[in-house]
Number of protein chains: 2
Amino acid sequence: MTFSEQMKADVAQIEAALAQYLSRETGEGYDRIFEAAKYSALAGGKRLRPVIVLAFCRLCGGEADKAMPFACALEMIHTYSLIHDDLPCMDDDDLRRGRPTCHKAFDEATAVLAGDGLLTAAFETAAAAKGLDAEAVLRCVRILGREAGMNGMIAGQVLDLGAEHRRISLDALNLLQSLKTGCLLRAACELGCTAAGCTDARTLEAAREYGEKLGLAFQIQDDILDIEGDARTLGKTTGKDARDEKSTFPALLGLEACRALADRLTGEAVAALDGLPGNGFLTELARSLTGRAN
Amino acid sequence: MTFSEQMKADVAQIEAALAQYLSRETGEGYDRIFEAAKYSALAGGKRLRPVIVLAFCRLCGGEADKAMPFACALEMIHTYSLIHDDLPCMDDDDLRRGRPTCHKAFDEATAVLAGDGLLTAAFETAAAAKGLDAEAVLRCVRILGREAGMNGMIAGQVLDLGAEHRRISLDALNLLQSLKTGCLLRAACELGCTAAGCTDARTLEAAREYGEKLGLAFQIQDDILDIEGDARTLGKTTGKDARDEKSTFPALLGLEACRALADRLTGEAVAALDGLPGNGFLTELARSLTGRAN
C-alpha cells in the first residue's frame with residue numbers, strides 16, 4: 001500500500017470505530033448529548049493522532065486493531081479539548097472543521113457536557129480494550145491521563161490563556177506548545193508502541209521524540225496557515241491569532257524563519273526513527289505535514 | 001470505633017489522600033489550575049461517596065487503603081461535576097460549600113479547565129492504584145467511566161437541564177435523579193467491593209441496590225433542605241429550585257410525602273445489606289443521612 005492508500009484506509013477504519021464507540025444505545029431524552037459528541041467527533045479532521053497510534057503499533061510489530069481503542073480514545077480527548085477550547089469563556093470560536101462549533105450548533109451547556117462526555121468515554125473506551133494483557137491496558141490508560149491532564153495538555157491550555165494579549169518569549173511559547181499540542185502527539189506515539197506490547201525504553205524514547213518534534217513542526221505550520229490560509233479550505237476562522245494578539249511563532253520569528261524551523265523539526269522527527277525498521281509511513285507522514293499547505 | 005469516630009477518621013484520611021494526589025509538582029506558570037482544582041476539591045463537604053467506597057471495601061474483607069485511589073477518583077469526579085454544574089451556562093451558582101464557586105473565585109475558563117483536570121486526574125489516579133491485580137484495577141476504571149459518562153451521570157445532567165422551567169412527571173424525575181445522583185453512589189458501592197477483589201454477583205447487586213436507594217433518599221432530603229434549610233449552615237444557595245421552577249420531589253409530592261418517601265428509601269437501602277456481615281457502618285450511614293437536618 002502506498003502512503004496515501006494506508007492513510008485513507010486508516011482514517012476510514014478510525015472513523016468507523018469512533019462512530020461505533022459513540023453509538024451506544026441511549027435512554028429517552030438524553031440522546032442530545034450523544035448527538036453533540038458525534039457532531040464534533042465525526043466532523044472530519046485529519047485524524048493525525050489516531051493514525052500515529054496505529055502506525056507506531058505496526059512499527060512495533062503489533063496488530064493495528066488492538067491499538068484502535070487507544071487511537072479512538074485519544075481522538076475523543078482531542079475532540080473534547082477543541083469543544084471546550086472553542087467555548088465563549090475560552091477562545092470563543094464560531095467555526096471548526098468547516099462547521100459551526102459545538103456550542104453554536106447546540107448550546108453552551110450541551111457543549112460543556114459533550115466535552116465532559118467525550119473525555120469520560122475516552123477512558124472508558126481505553127479501559128475496555130481487548131486482546132492485550134491488563135497491565136498493558138493500564139499503562140495506556142495512565143499515558144492518556146498523564147498527557148491529557150493538568151501537568152500535560154491542560155497545563156498548555158492554561159499557559160495559552162495566560163499568553164493572550166501579551167508578548168511571551170520563544171522559550172515560553174515552546175513550553176506552551178510542547179504541552180498544548182505536544183502532549184497528545186507524544187501520547188499517540190507511546191500508546192501505539194505500548195499497545196503492541198513494546199516496553200523497550202529506547203524505542204519509547206525515540207517514539208516520544210518523534211511526537212515532540214512533529215508536534216512543534218505541526219503547530220508552527222498551523223500558525224503559518226492562520227496567517228496565509230483561507231478560512232474556506234481550512235474550515236476554521238483564520239487571522240484570529242493576530243486579532244487576539246496571540247504570541248505565535250511567526251509573530252516572534254517571522255514567516256521565513258518559521259518555515260525553516262518547521263523543516264528542521266520535521267527532519268529531526270524523521271531522524272528520531274532512524275534505524276527502526278518499518279519507519280516508512282511515519283517518515284512520509286512527518287514530511288507530508290509541513291507540506292500540507294501545498 | 002463508633003460510627004462517628006470511623007466517619008471522622010475516614011474523612012481525614014480521604015482529605016489527606018486527595019490533597020496528596022492534587023499536589024504533584026507543577027511547572028512554572030500553570031499552578032493556577034492546581035490551585036483551582038484544590039480550591040474546589042478541598043473545600044470540605046461530606047465526602048459521602050469516598051466514605052462509601054472505603055466502607056464497602058471493608059465490608060467485603062478488603063483493606064480500605066487499597067480502595068483509596070478509587071475513593072479519591074470518585075470524589076474528584078463528583079467535584080468536577082459540581083464545578084461544571086455551577087457554571088453560568090449551567091446552573092449559574094455563586095455559592096458552594098460555603099464559599100464562592102470556582103468560576104467566581106477564579107474565572108470561567110479556569111473553572112472549565114479545573115473540572116476537566118479533575119476528571120482526568122480521577123482516571124489517572126484510579127489507573128495508578130497499587131496492591132491489587134491489574135484486572136481489578138481495570139474493572140474499577142470501567143465502573144468510573146460507565147457511571148460518570150454519557151449514559152450515566154452526564155445523562156442525568158442533560159435531563160436536569162431539560163427539566164428547567166417546566167413540570168416533569170415523577171417517573172421522569174426518578175430517572176433524572178437515578179442518573180444524576182444515583183450513578184456515582186452506585187459506583188461508590190461497586191468500587192468498594194471491586195477494590196476488595198469481590199466479584200460475587202449477589203453482593204455487587206446488593207451494594208448497587210443500597211447505592212440506588214440511598215441516592216434517591218439523599219436527593220429527596222436535599223430537595224427538602226433547599227426549601228427548609230438555611231444558606232449559612234448548608235453552605236449553598238437555598239430556595240434556588242423554586243426560583244428556577246425546577247421539578248423537585250417536594251414540588252411534585254409535597255413535603256410530608258417526601259419525608260415519608262425518604263424514610264422508606266432509607267429502610268430499603270438498609271434492607272439491601274441484610275445478612276451481609278459487617279453492615280453496621282453502612283446501616284448507620286444511611287440512617288444518618290435522612291436525619292441530617294436535625
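Numbers restart at 1 for each chain; the letters A, B, ... are given by sequence-line order, proteins then strands. The structure presented is a predicted model; accordingly, all values stated were derived computationally and were not measured.
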Measure distances from B:Ala37 to the heavy atoms of chain A and classify the residue's part below 4.5 Å as side chain, backbone, both or neither. side chain
Which portion of B:Ile143 sits near chain A, non-hydrogen atoms under 4.5 angstrom: neither
With chain A, which of B:His103, B:Glu135, B:Met153 has the greatest number of heavy-atom pairs at distances under 4.5 Å? B:Glu135
Separation between OG1 (A:Thr120) and CD1 (B:Ile154), nearest 0.5 Å, reads 4.0 Å
With chain B, the option among A:Val112, A:Asp107, A:Asp116, A:Leu87 that has the most non-hydrogen atom pairs under 4.5 Å is A:Asp116
Closest heavy-atom pair and its distance - A:Phe123, B:Val141: O-CG1, 4.4 Å
Drop me the distance from A:Met90's CE to B:Leu113's CG, to the nearest 0.5 angstrom. 4.0 Å
Part of B:Ile77 lying under 4.5 Å from any heavy atom of chain A: neither
Nearest atoms (heavy-atom pairs only) where A:Ala109 meets B:Cys89: CB-O, 3.3 Å
Got a sec: does the NZ of A:Lys104 have more than 12 other heavy atoms crowding it under 6.0 Å? no
How long is the straight-line distance from OH of B:Tyr30 back to CG of A:Leu176, given to the nearest 0.5 Å? 11.5 Å
Mind checking whether A:His84 and B:His84 have parallel, tilted or perpendicular rings, split at 30° and 60°? perpendicular
Distance col, row A:Glu124:CD vs B:Arg142:CZ, nearest 0.5 angstrom, shows 9.5 Å
Does any heavy atom of chain A fall under 4.5 Å from the side chain of B:Leu161, the backbone, both, or neither of them? side chain
Output the distance between atom CZ (B:Arg32) and atom CG (A:Leu159), rounded to the nearest 0.5 Å. 12.0 Å
Would you compute the distance between atom CE of B:Met150 and atom CG of A:Leu22 and round it to the nearest 0.5 angstrom? 5.5 Å
